[in-house]
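Quick caveat, the model's predicted, so the values are computed rather than measured. Convention: sequence-line order gives letters A, B, ...; per-chain numbering from 1.
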Number of protein chains: 2
Amino acid sequence: MGIDNALLPVAPVFLKSLRDHVYGLVRDAILSGRLKSGEKLNERHLAGQLGISTTPLKEALRVLEAEGLVRSEPRRGIYVTFNAGQAEEMMLARAALESMIARQAAKRVKDEDVALMRELIVEMRAGLMTVDVLQLIALNERFHNVIHEASGCGYLRRLQGGQSIYTHAARLSVLSEERERFLAVEEHEAIANAIADRDPDLAERLMRDHVIRSGEKHLIRVSEA
Amino acid sequence: MGIDNALLPVAPVFLKSLRDHVYGLVRDAILSGRLKSGEKLNERHLAGQLGISTTPLKEALRVLEAEGLVRSEPRRGIYVTFNAGQAEEMMLARAALESMIARQAAKRVKDEDVALMRELIVEMRAGLMTVDVLQLIALNERFHNVIHEASGCGYLRRLQGGQSIYTHAARLSVLSEERERFLAVEEHEAIANAIADRDPDLAERLMRDHVIRSGEKHLIRVSEA
DNA sequence: ATCTGAAATTTGATATATCAATTTAAAACG
DNA sequence: CGTTTTAAATTGATATATCAAATTTCAGAT
């Protein structure tokens, strides 16, 4: 705890490697539709455009390929593969994985985790009135994180994290609806209760339905934009 | 349909890029335990050992990192991350995704798909007697493929495929047990019926239970070896 | 004009070189 | 001796060069 703590961290872009930075740039471009499905990505052009060499770009493209956002035809090129159908499938994947995590959480949850969930639910209820959407988004994330931690499933959590496609704008937009805010809190509370009751089947089902229902709403917003 | 068809394809190793080949080598080494969890992978050494440059190796390692089999500490190195716990989580991921696929299949299945499933079930029943394990493995794969096709979920299918960790030897070993063969066919038939009845909830649940139950058996075999 | 095929060009795949952060080794200091 | 500094070696990250497959261009034949 020396003088070092007086310094703020540098801008995030400098903390990431070029490879990771470029990965994020291309991923965003694909998910936001700036790079359209079927479009060919020329390695040299893209690297030149980004002002980097092809090495970190190639690595970033491999990761995107592993994630299924681009498809590589050997010795021919890489093509963007992302459309509304795949967006929906990614949402379903998230539902499947998140609900499996909830199932495991219901098996392993500790009393302190339950207490934490309950606290967050109370905060959410309070937040419903204040209409601070940013705070509600943060609370939602913390709630899901508690479940992730309780599940002890690091791999599933990681895999699930890869299925996030909604922008901050989309989240904001969806939670701006009062009805949606109300529904989300209701569903979260039901999930918390199922986990607290150590009921894996119910927790899994409720989580799946929650992710799919709210996911469909997000997808509509995204397709409208 | 010219003279070309007279030629057999060259050995698969020559069809794959170095990158893909190396990816498979390292992946196998990790899953089989020859590369132990926590072990550091030195890029230059490994590339030299394989007789290739670091470029394709780095790309392969990125893919493995995206899959969660290695962890990269920026500017420090890459470390293998795979253990029994993660193997179990990968099995759970497979169960989650495969059951979501079954759910979608139950919604979209066409009569011809149902007919195909039924045919395969009949063959499996017949195969139970002949005890040709190889054929049974092939039938199992075809059965799951029919469901995948019926679901129309290319992305989920792809993601699910990444969760395969069992070797051919493990499959062989598990299906050598008569009781396991019997159980598998029973479960497959129940799943086929649920899908034929267009019952997404049941299909999902049966598929999940099937993958978890048989998966646990595989995991035991793997941990024994 | 259209088709064929060879030459030129493009470009993904691979190899090598350079850079900079990290680790290790060694030296200096107490 | 043990601790801290500093220099050397290692190595991941990035850049550049080379190779070979695929595509394009265009001359020449029909």
Checklist line | Under the side-chain contact (heavy atoms from CB on, under 4.5 Å) test, residues paired with L25(B) that sit two or more places apart | finding: H21(B), L50(B)

Check: Would you call E59(B) and R62(B) a salt bridge, using N to O less than 4.0 angstrom?
Finding: no

Notebook entry, point to check: Is L61(A) touching bases, backbone alone, or none of the nucleic acid, heavy atoms closer than 4.0 Å?
Noted result: nothing

Check: How long is the line joining CD of E65(A) and P of dG12(C), in whole Å?
Finding: 13 Å

For nucleotides 14-18 of chain D, tabulate all protein N/O to nucleotide N/O atom pairs closer than 3.5 Å, reporting atom names and distance.
{"unit_1": "dT14(D)", "atom_1": "OP1", "unit_2": "L18(A)", "atom_2": "N", "d": "2.6"}
{"unit_1": "dA15(D)", "atom_1": "OP2", "unit_2": "S53(A)", "atom_2": "N", "d": "2.9"}
{"unit_1": "dA15(D)", "atom_1": "OP2", "unit_2": "S53(A)", "atom_2": "OG", "d": "3.1"}
{"unit_1": "dA15(D)", "atom_1": "N7", "unit_2": "T55(A)", "atom_2": "OG1", "d": "2.7"}
{"unit_1": "dT18(D)", "atom_1": "O4", "unit_2": "R44(A)", "atom_2": "NH2", "d": "3.3"}

Notebook entry, point to check: Going by an N to O cut-off under 4.0 Å, is there a salt bridge joining E65(A) and K58(A)?
Noted result: no

Next item on the list: Among residues two or more places apart or on two chains, list those pairs meeting ring pair (Phe, Tyr, Trp, His ring centres under 6.0 Å) that have a residue in residues 45-102 of chain B.
Entry: none

Note to self: Could you check whether any side-chain N or O of R158(A) sits under 3.5 Å from a backbone N or O of A66(B), counting only pairs where one atom can act as donor and the other as acceptor?
What the structure shows: yes

Next item on the list: Write down the distance between CD (E73(A)) and C1' (dT23(D)), rounded to a whole number of angstrom.
Entry: 13 Å

Next item on the list: Assign each of K40(A) and L41(B) to its nearest nucleotide of DNA chain D by heavy atoms, then name whichever residue's nucleotide is nearer the 5' end.
Entry: L41(B)

Check: How many Å lie between OH on Y23(B) and P on dA13(C), as a whole number?
Finding: 17 Å

Checklist line | Main-chain N/O of S151(B) paired to Q104(B) side chain as donor or acceptor, under 3.5 Å | finding: no

